[in-house]
Amino acid sequence: MSLRIVVCVKYVPDATGDRHFAEDLTVDRDDVDGLLSELDEYAVEQALQIKEANDGEAEITVLTVGPEDATDALRKALSMGADKAVHVEDDDLHGTDALGTSLVLAKAIEKTGYDVVVCGMASTDGTMGVLPALLAERLGVPQATQLSQVAVADGKVTGRRDGDTASEQLEAALPAVVSVTDQSGEARYPSFKGIMAAKKKPLETLDLDDLDIEADEVGLEGAWTKVESADERPARTKGTIVTDEGEGAKQLAEFLAGQKFI
Amino acid sequence: MAEVLVYVDHVDGAVRKPTLELLTLARRIGEPVAVHLGAGVDTAAPVLAEHGAVKVLAADAPEFADYLVAPKVDALQAAYDAVSPAAVLLPSSAEGKEIGARLAVRIGSGIITDAVDVEAGDEGPVATQSVFAASYTTKSRITKGTPVITVKPNSAAPEAAPAAGAVEQLAVTVADASKGTKIVSRTPRESTGRPELTEAAIVVSGGRGVNGAENFPVIEALADSLGAAVGASRAAVDAGWYPHTNQVGQTGKSVSPQLYIAAGISGAIQHRAGMQTSKTIVAINKDAEAPIFDLVDYGVVGDLFDVVPALTDEVKSRKG
Ligand SMILES: Cc1cc2nc3c(=O)[nH]c(=O)nc-3n(C[C@H](O)[C@H](O)[C@@H](O)COP(=O)(O)OP(=O)(O)OC[C@H]3O[C@@H](n4cnc5c(N)ncnc54)[C@H](O)[C@@H]3O)c2cc1C
Ligand SMILES: Cc1cc2nc3c(=O)[nH]c(=O)nc-3n(C[C@H](O)[C@H](O)[C@H](O)COP(=O)(O)OP(=O)(O)OC[C@H]3O[C@@H](n4cnc5c(N)ncnc54)[C@H](O)[C@@H]3O)c2cc1C
């Protein structure tokens, strides 16, 4: 039986652009270009490597929960080499929080069928880094998360998790949820052939009805968290800048002493 | 007064500083009850009591060390059932966030991660977050269930507030389903003797401008003269000049020290995401146009190989 890999990818506002909140305190998506979260490229890459290591005996489905434009993120992942895509899109999803997103992802993953779910370590907008753990809890399967090195073989996932105080070698039986860090290996660029092929790959769109989720379980209304205010941080007041002409270190030391750091 | 569960981050009973900060924040919203899992509670309890823990719930089982995350969720859930707290606070480490997330699903609650402040509010605790690479400050609260909040290191100054802190054993049954991810082996990180990066009051970081592993001692010498931790940009880490555990930024550590010194770092958005909330920022860079200079309180345009060693000497001579 061929290995079923589901890769969760998020469509996010470009971090190098001017990111804003909209009036309802959700992310303003109209004002800034979106893209496939760069950290999810590492997840797609590892899925492709797992497939290659299993002699191509695997099917990779990329899955996103997001607005209409999120198909761009799916197309990018398909052009890297994923086989098919699932897009969960519904007006009622606007404003969904992490708990809600994990509910939708878990139902979509179950509907798609899976042996291993691969996620990024964190999105580049919400940056919570909790979705993989939430998914493992909801799906009732092991989590092998924050891996800097990963392999799937013989019905098992193995990998290395580099923590604060130790580096751990992990092992879990499939099905499992995996998340990979940006240390797991550079993501490949889509080739021209990949980009052309992506246009013909299947992309399925699902809504909340398809997943038996009620509108009030998700969205701003259903959210477990509420943002009460979002204020742009005042720009830092422009500091002193000196050019080193032999006195730079002395001047800096003077500043540090004035601030009581030395 | 309502009780607040505080998850204790420790190494064999040596309580890490972020936990003391959590206890301080917890006292604003209720009475802190510390949850200590694993060995060393006898060492930890007096420290926890000294910082306001009215009670210490303790459990030790081999499963905490043998399997990833889930057994600790079982234990925290047992503590939750025993106490019915008004909130649950955990440190914003990878593990703290994952434990908090899974607990939130189980108890039907929302979760807020990476809070930099927590206050009492009319409708429950209000958490401040610093988002979009610290370009926005948000205030949020949890509307369903018991608030689960993870808090970043250096978010509060630990305050002593002696409390009873009696140790009570917590009965924990680790479910078979929680033994899914085996920890096959563990290689502890060697200590450098320098302060922990996320907890340090001063951080000195080097970037691509350091130009080689063999030059990092220049950065380390400045750090040592200031009693600081050493950080690195991703460019320096990817080049193999410094360990990934020292990376500062979006995919590395996020630091919020009193003083951050960046040498040979341009200030890309992903680097800024991890250091922009530092109180005072200093940069040394030979390019006057480097974006890092937009953030600094004090900047020196110059060659780091001239400025950094000379600064180290200045610091040493001023400190006597
Ligand atoms: C600035 C900001 C702050 C926020 N703070 C909170 C908060 O405190 N509490 C809260 O409940 N919600 C919060 N949200 C909402 C939350 O980010 C999203 O609802 C949600 O998608 C989960 O969090 P994340 O994006 O941080 O994902 P992470 O947990 O960081 O993502 C990890 C991985 O999960 C997968 N993934 C995440 N989202 C999707 C998706 N939509 N589709 C497919 N795969 C996905 C990807 O593989 C990703 O790499 C915040 C959003 C923003 C923009
Ligand atoms: C998804 C994602 C996540 C990322 N996460 C992180 C992260 O966590 N942390 C991080 O740092 N980056 C991260 N990055 C990378 C980031 O975008 C930048 O590439 C990186 O921060 C650049 O590092 P740097 O400033 O050291 O190098 P450069 O940008 O190359 O800058 C080097 C600087 O050194 C100066 N210089 C050179 N020689 C000298 C000298 N002798 N004296 C003084 N100055 C000198 C130069 O003028 C230049 O400004 C991430 C990128 C992506 C896409």
Side-chain angles (χ1 to χ4, degrees), chain A residues 15-16 19 21 39 97-99 121 124 127-130 133-134 137-138 140-146 162-173 176 181-183 223-233 236 239-244 248-253 255 257 259 261-262, chain B residues 11 68-69 93-94 97-98 101-102 104-106 109-113 126 132-145 177 180-189 202 226 244-245 250-251 259 269 280 282 293 295-302 306-307 310-311 314-315 318-319:
Chain A
T16 58
R19 292 176 294 180
F21 282 90
L39 293 171
D97 66 358
L99 265 286
M121 64 186 286
T124 57
T127 68
M128 294 177 71
V130 296
L134 288 169
E137 182 68 37
R138 287 205 188 272
V141 302
Q143 70 168 83
T145 46
Q146 302 282 334
D162 293 322
D164 265 0
T165 52
S167 181
E168 293 162 340
Q169 200 62 40
L170 306 181
E171 184 183 300
T181 73
D182 59 336
Q183 299 290 303
W224 281 255
T225 48
K226 183 173 193 303
V227 181
E228 301 204 308
S229 67
D231 298 303
E232 213 164 344
R233 198 180 160 90
R236 292 184 85 104
T240 311
I241 301 198
V242 300
T243 301
D244 177 42
K250 223 178 219 107
Q251 289 164 305
L252 178 49
F255 169 79
Q259 304 282 313
F261 290 119
I262 36 181
Chain B
V11 181
L68 192 69
V69 175
S93 57
K97 289 200 230 186
E98 291 181 339
R102 300 186 66 143
V105 172
R106 292 195 192 177
S109 295
I111 180 166
I112 291 174
T113 58
V126 176
F132 287 162
S135 60
Y136 273 89
T137 302
T138 59
K139 287 193 190 290
S140 308
R141 65 188 172 79
I142 284 158
T143 52
K144 296 192 213 170
T181 310
K182 228 185 288 173
I183 299 175
V184 182
S185 67
R186 181 182 279 116
T187 317
R189 215 160 278 302
I202 303 180
L226 291 162
H244 178 246
T245 38
Q250 189 188 13
T251 55
L259 172 63
I269 184 86
T280 299
V282 167
F293 284 127
L295 306 180
V296 298
D297 297 284
Y298 201 92
V300 180
V301 179
D306 297 329
V307 179
L311 179 62
E314 282 287 334
V315 174
R318 281 173 194 250
K319 283 193 164 172

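Both backbone and side-chain heavy atoms feed into the values below; hydrogens, waters and symmetry mates do not. The sequence lines fix the lettering, A, B, ..., with proteins before strands; numbering per chain opens at 1. This is a predicted model, so every value here is computed, not measured.
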Top of [options] for chain B proximity - count of heavy-atom pairs under 4.5 angstrom:
{"options": "Thr127(A), Asp97(A), Thr145(A), Asp164(A)", "result": "Asp164(A)"}
{"options": "Gly129(A), Ala15(A), Gly248(A)", "result": "Ala15(A)"}
{"options": "Leu252(A), Val227(A), Leu99(A)", "result": "Leu252(A)"}
{"options": "Val130(A), Asp182(A), Leu134(A)", "result": "Asp182(A)"}
{"options": "Gln251(A), Gln146(A), Arg138(A)", "result": "Gln251(A)"}

In terms of heavy-atom pairs under 4.5 Å, which option from [options] contacts chain A the most?
{"options": "Ala177(B), Ser185(B), Ala101(B)", "value": "Ser185(B)"}
{"options": "Ile202(B), Thr113(B), Val11(B)", "value": "Thr113(B)"}
{"options": "Lys182(B), Lys319(B), Arg141(B), Glu314(B)", "value": "Arg141(B)"}
{"options": "Val126(B), Thr280(B), Thr245(B), Asp306(B)", "value": "Thr280(B)"}
{"options": "Ser135(B), Ala134(B), Ala104(B), Ala310(B)", "value": "Ser135(B)"}
{"options": "Thr137(B), Ile183(B), Ile142(B)", "value": "Thr137(B)"}

Return the [atom1] to [atom2] distance between [X] and [Y], rounded to the nearest 0.5 Å.
{"X": "Glu168(A)", "Y": "Thr181(B)", "atom1": "CD", "atom2": "OG1", "result": "11.0 Å"}
{"X": "Leu39(A)", "Y": "Gln250(B)", "atom1": "CG", "atom2": "CD", "result": "5.5 Å"}
{"X": "Ile112(B)", "Y": "Trp224(A)", "atom1": "CD1", "atom2": "CH2", "result": "14.0 Å"}
{"X": "Glu228(A)", "Y": "Thr138(B)", "atom1": "CD", "atom2": "OG1", "result": "10.5 Å"}

Non-hydrogen atoms of chain A under 4.5 Å away: do they reach the side chain of [X], the backbone, both or neither?
{"X": "Glu98(B)", "value": "both"}
{"X": "Leu226(B)", "value": "side chain"}
{"X": "Val105(B)", "value": "both"}
{"X": "Leu259(B)", "value": "both"}
{"X": "Lys97(B)", "value": "both"}
{"X": "Thr251(B)", "value": "both"}
{"X": "Leu68(B)", "value": "side chain"}
{"X": "Arg102(B)", "value": "both"}
{"X": "Ala133(B)", "value": "both"}

For the residue pair Ile111(B) and Met128(A), what are the closest heavy atoms and their distance?
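Heavy atoms only, the tightest pair is O-CE, 3.9 Å.
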Might you point out which heavy atoms bring Tyr136(B) and Ala230(A) nearest each other, and give the distance in Å?
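Closest approach of Tyr136(B) to Ala230(A), heavy atoms only: CD2-C, 4.1 Å.
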[X] versus chain B, heavy atoms under 4.5 Å apart: side chain, backbone, both or neither?
{"X": "Gln259(A)", "result": "side chain"}
{"X": "Ser167(A)", "result": "both"}
{"X": "Glu232(A)", "result": "both"}
{"X": "Leu170(A)", "result": "both"}
{"X": "Asp162(A)", "result": "both"}
{"X": "Ala253(A)", "result": "both"}
{"X": "Met121(A)", "result": "side chain"}

When you measure from the side chain of [X] to the backbone N and O of [Y], does any donor-acceptor pair fall under 3.5 Å?
{"X": "Thr143(B)", "Y": "Ala223(A)", "result": "yes"}
{"X": "Asp244(A)", "Y": "Val300(B)", "result": "no"}
{"X": "Arg189(B)", "Y": "Gly163(A)", "result": "yes"}
{"X": "Thr243(A)", "Y": "Val301(B)", "result": "no"}

Would a 4.5 Å heavy-atom cut-off, applied to side chains only, mark Thr165(A) and Arg186(B) as touching?
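They are not in contact (no side-chain heavy atoms under 4.5 Å apart), so the answer is no.
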Between Asp297(B) and Arg236(A), does at least one N-O distance fall below 4.0 Å, as a salt bridge requires?
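Looking at Arg236(A) together with Asp297(B), the answer is yes, because their closest N to O distance falls below 4.0 Å.
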Can you sort out the partners of Phe293(B) under ring pair (Phe, Tyr, Trp, His ring centres under 6.0 Å), two or more places apart, ordered by chain and number?
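Partners of Phe293(B) under the ring pair (Phe, Tyr, Trp, His ring centres under 6.0 Å) test: none.
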Considering residues at least two apart in sequence or located in another chain, which fulfil the ring pair (Phe, Tyr, Trp, His ring centres under 6.0 Å) criterion with Tyr298(B)?
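Here the qualifying residues are Phe255(A).
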Count the heavy atoms of every other residue, nucleotide or ligand shown that sit under 6.0 Å from NZ of Lys250(A), and state whether that count exceeds 12.
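Incorrect, the count does not exceed 12.
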